[in-house]
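Heads up: numbering here begins at 1 and tracks the sequence. These figures come from a predicted structure and were not determined experimentally.
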Amino acid sequence: MSAPQSAPPPPPQQPAPPARSGTATAVGWVLTIALNVVAPIITYNVLTDDHGWSEFSALLVSGAWPVLDSAISVAWRRKFDEFAVVTLVFLVITAVVSLVGAHSARALLIKDSAVTGLFGLLCLGTLAAARPLMFYFGRKFATDGTPEGTAWWNGLWEYEGFRTTMKRMTLVWGSAYVAESLVRIVLAYGLDTRTMVTLSPFMIYGVLAALAVWTARYAKRSRAEGERRAAAAAAAGGAAAA
């Protein structure tokens with residue numbers, strides 16, 4: 001009589017995140033938003049509106065803030081901040097696009113669309129890299145930036161479910177921004193400039209809001225599904241052993 005076969009081991013369950021430092025989280029959020037969002041926008045607007053700088057020159061100077069964020073991260077946390085690098089790349093893309101073509105109102109609208117489209121292509125391009133873009137965005141906003149939090153997030157990459165989630169998020173964000181860019185370019189040629197100037201910001205922030213909501217729900221659903229599968233596999237293993 002043959003011996004009963006042992007049940008396959010249950011899939012490893014992703015570890016829970018470490019306790020977060022409230023102070024480190026708050027400081028990290030303030031620095032991220034201030035140096036990667038607020039400061040570049042203010043710098044760009046002041047230089048172009050009040051000092052008559054060209055779009056290209058103002059964008060280049062605005063890019064100094066994400067560089068400063070990276071320098072602070074290296075000095076404070078002893079690690080390189082990929083999120084600030086992505087922000088800097090986005091500003092460089094914007095600066096390059098601003099140099100291309102005429103400077104009519106319609107051309108500027110098309111350039112804005114090209115920027116978001118290139119960001120979408122950047123997302124899709126990172127799917128061929130070691131880790132997709134959303135992995136770095138997630139690490140920036142899902143941890144407090146401490147060595148423990150960073151090590152926990154990096155360690156999640158060994159789990160297949162986590163890798164699938166990050167890649168799918170990157171695919172959706174990249175596809176959405178490429179599609180949004182193409183739609184805005186078509187509308188820029190089909191609608192009058194005044195209408196498009198009003199509509200364009202709603203499209204930009206509407207897509208961003210929709211992606212943010214989808215990302216939060218998808219991450220929660222993926223985490224719950226992983227926990228359900230792990231619990232089911234553990235129960236099946238226990239029943240087989242009995």
Side-chain angles (χ1 to χ4, degrees), residues 5-29 31-32 36 66 69-70 72-90 119-177 211-241:
Q5 295 183 349
S6 59
Q13 189 171 1
Q14 295 179 11
R20 301 181 66 172
S21 166
T23 301
T25 300
V27 172
W29 272 92
L31 283 177
T32 296
N36 290 280
D69 185 32
S70 292
I72 292 174
S73 178
V74 171
W76 180 22
R77 298 169 180 166
R78 299 292 192 272
K79 72 179 184 66
F80 199 67
D81 191 348
E82 294 88 348
F83 180 85
V85 174
V86 171
T87 303
L88 181 60
V89 169
F90 187 74
F119 176 74
L121 291 176
L122 176 64
C123 288
L124 297 178
T126 62
L127 290 172
R131 298 181 182 183
L133 187 60
M134 285 301 120
F135 172 84
Y136 300 106
F137 274 67
R139 189 174 67 187
K140 185 70 174 181
F141 294 105
T143 72
D144 55 10
T146 58
E148 295 78 13
T150 300
W152 164 74
W153 185 263
N154 290 342
L156 293 178
W157 187 252
E158 68 178 88
Y159 299 95
E160 181 180 359
F162 180 80
R163 295 195 299 270
T164 299
T165 298
M166 293 296 104
K167 291 176 180 178
R168 188 166 296 166
M169 284 182 177
T170 304
L171 175 63
V172 169
W173 275 71
S175 301
Y177 270 114
L211 285 172
V213 171
W214 175 83
T215 299
R217 291 181 176 177
Y218 176 66
K220 182 178 181 180
R221 186 168 64 250
S222 297
R223 184 167 55 252
E225 179 64 19
E227 293 172 352
R228 185 194 65 78
R229 286 198 302 266

Return the minimal non-hydrogen interatomic distance between [X] and [Y], and the atom names on each side.
{"X": "V172", "Y": "W214", "answer": "CG2-CH2, 3.5 Å"}
{"X": "R163", "Y": "E158", "answer": "NH1-O, 2.9 Å"}
{"X": "G174", "Y": "C123", "answer": "CA-CB, 3.6 Å"}

Between T215 and W173, is the side chain to side chain contact (heavy atoms under 4.5 Å, CB included) condition met? List the steps. CA-CA 9 Å; T215 299; W173 275 71; 2.8 Å; yes
Roughly how far apart are [X] [atom1] and [Y] [atom2], rounded to 0.5 Å?
{"X": "T165", "Y": "F135", "atom1": "OG1", "atom2": "CZ", "result": "12.5 Å"}
{"X": "F137", "Y": "T170", "atom1": "CZ", "atom2": "OG1", "result": "9.5 Å"}
{"X": "L171", "Y": "L133", "atom1": "CG", "atom2": "CG", "result": "12.5 Å"}
{"X": "M166", "Y": "Y159", "atom1": "CE", "atom2": "OH", "result": "14.5 Å"}
{"X": "K167", "Y": "T126", "atom1": "NZ", "atom2": "OG1", "result": "11.0 Å"}
{"X": "M134", "Y": "R139", "atom1": "CE", "atom2": "CZ", "result": "13.5 Å"}

CZ/R131: more than 12 non-hydrogen atoms of other groups inside 6.0 Å: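 Yes, because the 6.0 Å sphere around CZ of R131 holds more than 12 heavy atoms from other groups.
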How are the rings of F162 and W157 set relative to one another: parallel (under 30°), tilted (30 to 60°) or perpendicular (over 60°)? perpendicular
